[in-house]
Amino acid sequence: MNSLLIAQNIRKNFTIKDNQGRAHLLKAVDGVSLDIAPGEIVGIVGESGCGKSTLGRTILRLYEPDSGTITWKGKNLNSFSREEMKALRKAMQMIFQDPFSSLNPRKKVKNIIAQPLLVHKADSPEETARRVEAVMKEVGLNPAYKRRYPHQFSGGQRQRIGIARALILEPELIVCDEAVSALDVSIQAQILNLILDLREKHGFATLFISHDLAVVEFIAERILVMYLGRIVEKASKTSLTENPLHPYTRALFEAFPSANPSRRLSKKHIVMGDVPSPLNPPSGCHFHPRCPLADEKCRQSSPPLSEVSPGHWAACWKSGV
Ligand SMILES: Nc1ncnc2c1ncn2[C@@H]1O[C@H](COP(=O)(O)OP(=O)(O)O)[C@@H](O)[C@H]1O
Ligand SMILES: [Mg+2]
């Protein structure tokens, strides 16, 4: 067993009040399990609103799960002491989609990047300055610009600032939530390559969350496909790319065509309507109203995530088709 993090059967609900004041349960994450090995890049993909960010935040314990367990290096997080929890906060970092809103506009870049060090009171001022300059160089920012403010940088550079801030504590796991989604495609590739280079050098594991399958396919080694709070398919990148089993995964490949023509699928298989509300999810398989293969069984009962071939899992009654 060589997992850095194991999440088992995680559930996270929100209570939403309607305009008559009635409370409704929204199952944002509805029984998700995943594991990440040290240094591994795991991708999570799915349309907006399917629970990816909630899952990422719950894994980092920014949200308390309603149920399920999270194990870090073999130890249940529930049994962590305060000291261990503090160390864990250093070991897990997050990079957000929007560097505009996640960077304080009134702070100089050097202070933004140093912030995690200050929170953890790690170093002397000289050592902090040295580490800030080193990490700026590593992410491709000129340390001469350390006194500038976020608005003086481009979108791609701002994302590099976010990466530097995450990197400075030498984390073992970085959760990237839509980290390149706000950037132009050419800049996206630069940032993705930067993350890959840094991973090579530092060996941190990454949970890479995106609605864009092409981006996840570029960076991840293993991919989990999420639909309305649940994992509907998981496989190695190669296996998922060459043989997507779930009709939803196939639809995503249609929506985000990759450079790989061998994987192009016939449009006739694909029916994409709107994502149903997680407040009122469809019966049975949540995907059935949009699925070209759905039959009565799919409308009535929810398919379990099962291993269709070694390491390739799908939650579909038709996945053998
Ligand atoms: N803090 C919150 N309070 C209430 N509902 C939320 C909250 N965060 C997310 N949701 C709802 O949970 C569902 C999943 O959201 P989210 O995790 O942000 O999805 P994704 O990141 O895949 O777009 C959505 O229906 C969203 O409206
Ligand atoms: Mg999100």
Side-chain angles (χ1 to χ4, degrees), residues 7 9-34 36 41-68 70 92-102 155 159 162 166 173-183 188 191-192 195 206-217 219-220 223-234 240 246 248-249 251-253 255-256 272-283 286-287 289-290 305 315:
N9 211 9
I10 300 296
R11 290 176 200 278
K12 179 67 195 169
N13 302 325
F14 295 112
T15 306
I16 308 284
K17 286 227 166 91
D18 64 21
N19 42 23
Q20 273 107 44
R22 282 182 304 231
H24 298 270
L25 192 66
L26 188 154
K27 295 180 175 180
V29 175
D30 189 15
V32 167
S33 300
L34 61 84
I36 307 171
I41 304 185
V42 175
I44 298 194
V45 68
E47 285 160 293
S48 176
C50 71
K52 305 180 298 297
S53 295
T54 305
L55 177 63
R57 284 163 184 269
T58 307
I59 280 173
L60 292 185
R61 280 296 173 107
L62 299 175
Y63 290 154
E64 196 61 28
D66 290 301
S67 65
I70 299 174
M92 296 173 159
Q93 295 294 315
M94 188 152 186
I95 300 171
F96 299 93
Q97 165 169 15
D98 186 0
F100 299 76
S101 62
S102 67
Q159 199 50 282
L173 173 67
I174 300 184
V175 174
C176 298
D177 190 359
E178 304 281 3
V180 300
S181 301
L183 304 172
Q188 281 189 348
I191 299 293
L192 294 173
I195 294 171
T206 306
L207 186 64
F208 196 95
I209 295 170
S210 177
H211 70 281
D212 184 336
L213 184 54
V215 164
V216 170
E217 194 189 347
I219 196 161
I223 299 178
L224 280 65
V225 182
M226 204 169 170
Y227 189 73
L228 282 186
R230 298 177 182 167
I231 302 299
V232 297
E233 184 160 3
K234 68 171 180 179
L240 191 89
H246 200 287
Y248 180 59
T249 311
L252 285 179
F253 275 122
F256 298 99
M272 290 297 271
D274 289 335
V275 193
S277 164
L279 272 173
N280 187 18
S283 62
H286 284 167
F287 188 61
R290 302 169 79 188
L305 188 63

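Whatever order the structure lists ligands and atoms in, that order sets their numbers, starting from 1.
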Q. Should R230 and D30 count as an ion pair when the cut-off is N to O under 4.0 Å?
A.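 Salt bridge between R230 and D30, a charged N being under 4.0 Å from a carboxylate O: yes.
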(Q) Would you say the Mg ion (ligand 2) has T54 as a near neighbour, meaning an N/O/S atom of that residue under 2.8 Å away? (A) no
Q: With rounding to the nearest 0.5 Å, note down the distance linking CE in M94 to CG in L60.
A: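 Going from the CE atom of M94 to the CG atom of L60 covers 6.0 Å.
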Heavy atom of the protein closest to [atom] (residue, atom name, distance):
atom	value
atom 23 (O) of ligand 1	G49 N, 2.6 Å
atom 1 (N) of ligand 1	F14 CE2, 3.6 Å
atom 12 (O) of ligand 1	L26 CD2, 3.4 Å
atom 18 (O) of ligand 1	S53 CB, 3.8 Å

Strictly distance-based, threshold 3.5 Å: is any side-chain N or O of [X] a donor or acceptor partner for the main-chain N or O of [Y]?
X	Y	answer
K52	H211	no
S210	D212	yes
Q188	V180	yes

Q. Mind checking whether G51 has a heavy atom under 4.0 Å from ligand 1?
A. yes
Which atoms of ligand 1 have any heavy atom of [X] under 4.0 Å away?
X	answer
I16	4 (C), 5 (N)
T54	9 (C), 15 (O), 16 (P), 17 (O)
P278	25 (O)
S48	23 (O)

Q: Taking the six-membered ring for Trp and the full ring for Phe, Tyr or His, determine whether the centres of F287 and H246 are under 6.0 Å apart.
A: yes
(Q) Using side-chain heavy atoms (C-beta onward) and a distance below 4.5 Å, is I219 in contact with T206? (A) no
Q. Which residue from E178, K27, K52, R57 reaches closest to atom 22 (O) of ligand 1 through any of its heavy atoms?
A.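 Residue with the shortest heavy-atom distance to the ligand atom: K52.
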Q: Give the minimum heavy-atom separation between V29 and I10, together with the two atoms involved.
A: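 V29 and I10 have their closest heavy atoms at CG1-O, 3.3 Å.
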(Q) Below 4.0 Å, non-hydrogen atoms only: which portion of C50 touches ligand 1? Side chain, backbone, both or neither. (A)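 Both of them.
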Q) Any protein heavy atom under 4.0 Å from atom 26 (C) of ligand 1? A) no
Q. With a cut-off of 6.0 Å (strictly less than), are more than 12 heavy atoms of other residues, nucleotides or ligands near NZ of K27?
A.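 Count not over threshold, so no.
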